Amino acid sequence: MNRRRFIKDVLRWTAGVSLAIPSFSVLTEALAAEKPQAMLALATGEDYHALVGRVLAPLGGMATFVNPGDRVVIKPNIGWDRTPEQGANTHPLVVRALVEAALAAGAKKVLVFDRSCNEQRRCYANSGIEQAIRDLDDRRAVIEQIDSRKFVPVNITRGKVLTKWEIYREALDCDCYINVPVAKHHGLSRLTLGLKNSMGVLGGNRGSLHRNLGQSLADLATVVRPKLTVIDATRILLHNGPQGGNVDDVRRIDTLIASADPVAADAYATTLFELEPGDIEATVAAYELGLGEMDLARIQVVSA
Amino acid sequence: MRRHFPKLLPSLWRKASQLVFLAFFLFLFVKTDYSGSDELTWAVNILFRIDPLLAVTAMAAGRTVIVLMLPAAITLALTLLFGRFFCGWICPLGTLIDGSRRLIERGGAGRERGGRQFKYYLLFFLLAASLFGLPLAGYLDPFSILVRGLTFAVHPALDHAATSFFTLTYQHGPMWLNIVTEPVYAVLKEYVLPFAAKVYGLSVLSLLVLVAVLGLGLFGRRFFCRSLCPLGAMLALFSRYSLFRLSGGSPECGGCRQCRSECRMAAIDDERTIAAAECILCLDCLPSCPKSLIHYGWGRGAKRGQAVDLSRRAAIASLAAGMLSPLVLPSRLLARHTDPQLIRPPGACAEEEFLGRCVRCGECMKVCIGNALHSTWLEAGLEGIFSPRLIGRIGYCEFNCTLCGQVCPTGAIRRLSRQEKHVTVIGRAHIDRNRCLPFADGVPCIVCEEHCPTPDKAIKFREAEVVNGRGETVTLLQPYVVGELCIGCGICENKCPLSGEAAVIVTAAGESRESSGMTMYGY
C-alpha cells in the first residue's frame, strides 16, 4: 500500500461512514426561520370522495406526499364503538378516498390502523372503516388489527415530560405517515384533533398521560411526524366527546382541512368550534417546541 | 329383526361419530366469539340445549319450563329408543376420556363393577337439591366441565404458547423464517386462537377438574362415566328400557368371557348379559365374540341384564339429602348481605333464579368481548362457584355488546336487545376521592369521564381550584358520578390509570334486576 492508496482509502471510508450514520439533530428553530409560510387547505362539499381530492389539490395533490413505491400509513381515529353518524370516529369515506389517493400516487402498501379505546374489532366494524378498506378490494390497502408485538420502546429525546414510550413500529417505519383525525369535543383537552389522534399509535397505559396531556402530546409529536394531516370535520361532535353517542350532539359541516403542518391544522380547526388555537394546550405546547405554526394570521388558508 | 354388521369393525362407525362430534364441538367452541356482527350465528349453547341433565335441573330450580332447553327431550326420546348412544357416540368429554386412555390407564383395568350406583345417588341428590334451591348440577355436568376447562385454561394456554413462539420468531428470527412463520400465525389467529389474550378466574381449578376427570381412568376405563357422571346416570335410567339394545350371552358361550374383558363400562356380567343401562354402545364387544353372538337389535324379549343394583335406603337418603341441605342456606350471612362486588352480567335473572338456571358452562365468560366476566368463587355461596361476575378492573362490559345473553343456554342471562342493554343497570360507579388524582393529588386526569359510554355521560366533571402537592393553586377538572345515568359497565374502573386498585369502583348497588327481597339495609 503506498501513500496515495492509503489517503484514498481513508477518504473513502470516512465518506462511507459519515453517510451511514443517520443524523437526527435537526435544528428546528433554524429550519423554521427559513421555512415558507404554513399553508392550509380547506374544502367543503357533500361528495367526500371528491372533497378529499379538492382539499389536497392546493397542496399539490397526494403526489406531493407519497412517492411511487412508498409504504404509507393512514392513521384515522377508530377509537370508539360508534357509527359514522355519531361523529366519534373518522368518516369511512374520507379514509377510503385518502387510501385510494395514496394508491393512485403509486404507494406500494397503504396500512390503516388505530389502537382503539373500545374493543378493537367492534370499533373497526362499526366505524365502517374496515368495510370501506375491504371494499377497495386492493391487496395493497390493508387494515390491520393492532399486533402487540409491534410496539417498540422509543426514546423521545426532545420530550419535556414524555421521554420514553412504546410506539407502534409501523408508524415509525413507514415512508409517509398521514394523520386523519376527526374533529370533536373532549372533556379534558377541550378538543381532540391531529396531535391527540397520534395517541392511537401508543402502547402502554395511555391514561397516565392525562396528568399533563398537552405537553405529552407535543412531546409525542416530535417523534410521530405526519407528512400530511387531514382533519375530518364532515361531522363535528360538539358535546359529550370524545365518544359521543347522541346524534344531537353532532353537527354536519362537510368540511375537510389539510396541511403539511400538524400544528397549523389543529390551530385552524379550533375555529370550527368557536375556540382559539391558544385554548388547546397541546397546540400551544407543540408550537413552543417549534413543530409548526399556530398563529392564524401567519397561516395561508386556501379554500378549494 | 337383526342387523348384521359388515366385516368392517363396527366400532369404527362409533369412532367416526365421536370424532365428528368432537370436531363439531371444537368448531362451536371457537365460534363462540364476536364475529364482526352483533348477532352470533354459532355457539356451543347448541350442545348444552340437548343436555337433559341441565335441562331438568335448571327447570326444576327455576320451577318453569325453559323453552330453550326443550331439545334435550329429543336426547331422552332417542335414548329410550336406541340406548345410551349419547355417551358412547356423541359426548365430547367421553371422546376425550377414550382418547386419553393410552396416556392414563394402566393395562387391564376395567372389570370392577363397584361404585357405579354412586352416579345414580349423585343424580338423585342433584335433582332434589335443584328443586329445593341448591343448584349444583353444573359442577358435574360433562359439557360444563369440558367447556370450563377449555375456556378458562386450555385455550388461553394455547394462545400464550403460540404468541410466545411467534413473538420470538418475529422479534429475533431472520427474514426468511418470518416469511414462513407469520402466515402460520395469521392463520392460527384467524381460525383457532382467541382474538386477544384473556385471563380467567379459577382457571387453574377448572383445568384441575378436567384433568382429574380424565385421570380417573386410572381406576378403570371410563371411570367418570361409569361411576360419577350424573348425565350418564340420567340417560342410563332411560336406556334401561330402550327398545333397541345389544344382546348376547347364551349357553353356547361356554367358558368364554372375551366380551367382558373388552367392555369399557363393565356392563357385561358373568352370564354375559349386557346391561342396557350401563352399555354405551361402543360396539367393541362385537368383534371380540368368537361366535358372533352379540347383536344390536330389537330388545323385547331379550334379557334385561342386571337391574341397576340400587339400594332403596341409599336412594332415599340421597333424595333426602338433596331436599334437606338447602334448608341451611338462609342461615348464612349471604342471606342478609350479598357481596357488593358481585356484579352479575346484564340481563341476569334475580339472584336465586339466576343461580338456579346457570349451568356453569362458562360460555358467557368465553364470549365476553371485554374479558369482564369471571368465575365467582365463594362470593355467591357454595352454590355460586363458576357462575359469572364482572370484575371491572380486569375487563369492562362493552356498551353495545349483547353476546352473553345470546350464548346463555338456559336464559339465566336474558337475551337483550341493544336498546334494552343500554338501560340495564348492573351496578353503579363510585369515586374514591382519597385516591382519585384531581382530588387527592391536584393532578388532571378524568380518563373515566372520557370513556363513560352513556350518550349523556354518567361521569361528569366540575372545575375546581385546588392546592396540589407542590403547594400551587391550580384549576382542574374533578369527576363525579350521576347515579341515575350510570349503568355500571365498569369501563371507568377498567381504564382508571392509577396502578393497583382503581379510584373509581363499581359495585352492584342499584342493579336493575329484581332482588329477592331478602337483603335489607337501613329501616
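On a predicted model such as this, the values are computed, not experimentally measured, just so you know. Protein chains get the first letters and strands the later ones, always in sequence-line order, with residue 1 at the start of each.
- Considering every non-hydrogen atom in both A:Arg122 and B:Ile369, the closest pair reads CG-CD1, 3.5 Å.
- The environment of CD in B:Gln171 is crowded: more than 12 heavy-atom neighbours from other residues, nucleotides or ligands sit within 6.0 Å.
- Of all the listed residues (A:Gly79, A:Cys117, A:Ala125, A:Ser208), the one sharing the greatest number of non-hydrogen pairs under 4.5 Å with chain B is A:Cys117.
- Within 6.0 Å of the CZ atom in A:Arg252, the count of heavy atoms belonging to other residues, nucleotides or ligands exceeds 12.
- Ranked by heavy-atom pairs under 4.5 Å with chain A, the list B:Ser499, B:Gly370, B:Cys452 is led by B:Cys452.
- Within a 6.0 Å radius of CD in A:Glu281, other residues, nucleotides and ligands contribute 12 heavy atoms or fewer.
- Formation of a donor-acceptor pair under 3.5 Å by the B:Glu398 side chain with backbone atoms of A:Glu119 is found in this model.
- Only the side chain of A:Arg82 comes within less than 4.5 Å of a heavy atom in chain B; its backbone stays farther off.
- With a threshold of 4.5 angstrom between heavy atoms, B:Pro438 does not approach chain A through any atom at all.
- The side-chain tip of A:Arg121 does not point at the ring of B:Tyr34 from less than 6.0 angstrom away and within 45° of straight on.
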Subject >> Pair A:Arg211-B:Asp441, salt bridge (charged side-chain N to carboxylate O under 4.0 Å, His left out): steps then yes or no >> reply: CA-CA 10 Å; A:Arg211 293 159 190 253; B:Asp441 298 350; 5.4 Å; no
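- Heavy-atom contacts from other residues, nucleotides or ligands closer than 6.0 Å to CZ of B:Arg418 number more than 12.
- Between the A:Asn240 side chain and the B:Asp456 main chain, no donor and acceptor come within less than 3.5 Å of each other.
- A:Gln145 touches chain B through its side chain: at least one heavy atom from C-beta onward sits under 4.5 Å away, while N, CA, C and O do not.
- For chain A, no part of B:Leu476 is nearby; none of its heavy atoms comes within less than 4.5 Å.
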Original post:
Which is it for B:Phe166 and A:Asp147 under the side chain to side chain contact (heavy atoms under 4.5 Å, CB included) test, yes or no, and what are the steps along the way?
Top reply: CA-CA 12 Å; B:Phe166 290 107; A:Asp147 179 342; over 6 Å; no
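- Contact tally against chain B (heavy-atom pairs below 4.5 Å) for A:Gly244, A:Ser148, A:Gly207: the top residue is A:Gly207.
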**OP:** For B:Val447 and A:Arg206, run side chain to side chain contact (heavy atoms under 4.5 Å, CB included): C-alpha distance rounded to whole Å, both residues' side-chain angles, the deciding distance at 0.1 Å, then the answer.
**Re:** CA-CA 9 Å; B:Val447 172; A:Arg206 298 177 290 182; over 6 Å; no
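- Atom CD of B:Glu472 sits in a crowded spot, with more than 12 heavy atoms from other residues, nucleotides or ligands closer than 6.0 Å.
- To the nearest 0.5 Å, atom CZ of residue A:Arg149 and atom OG1 of residue B:Thr163 are 8.0 Å apart.
- Of the residues considered (B:Lys460, B:Lys495, B:His451, B:Glu449), B:His451 shows the highest number of contacts with chain A, using heavy-atom pairs under 4.5 Å.
- Looking at B:Asp33, the atoms closer than 4.5 Å to chain A (heavy atoms on both sides) all sit in the side chain, from C-beta outward.
- Taken to the nearest 0.5 Å, the SG atom of B:Cys445 stands 8.0 Å off from the CG atom of A:Leu188.
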Subject >> Test side chain to side chain contact (heavy atoms under 4.5 Å, CB included) applied to A:Gln243 and B:Glu450, step by step >> reply: CA-CA 7 Å; A:Gln243 72 155 313; B:Glu450 176 181 9; over 6 Å; no
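- Heavy atoms of A:His186 lying under 4.5 Å from chain B belong exclusively to its side chain.
- No other option in B:Val443, B:Asn400, B:Leu437 has as many heavy-atom pairs under 4.5 Å with chain A as B:Asn400.
- The choice from A:Gln86, A:His239, A:Arg169, A:Glu130 that makes the most heavy-atom pairs within less than 4.5 Å of chain B is A:Arg169.
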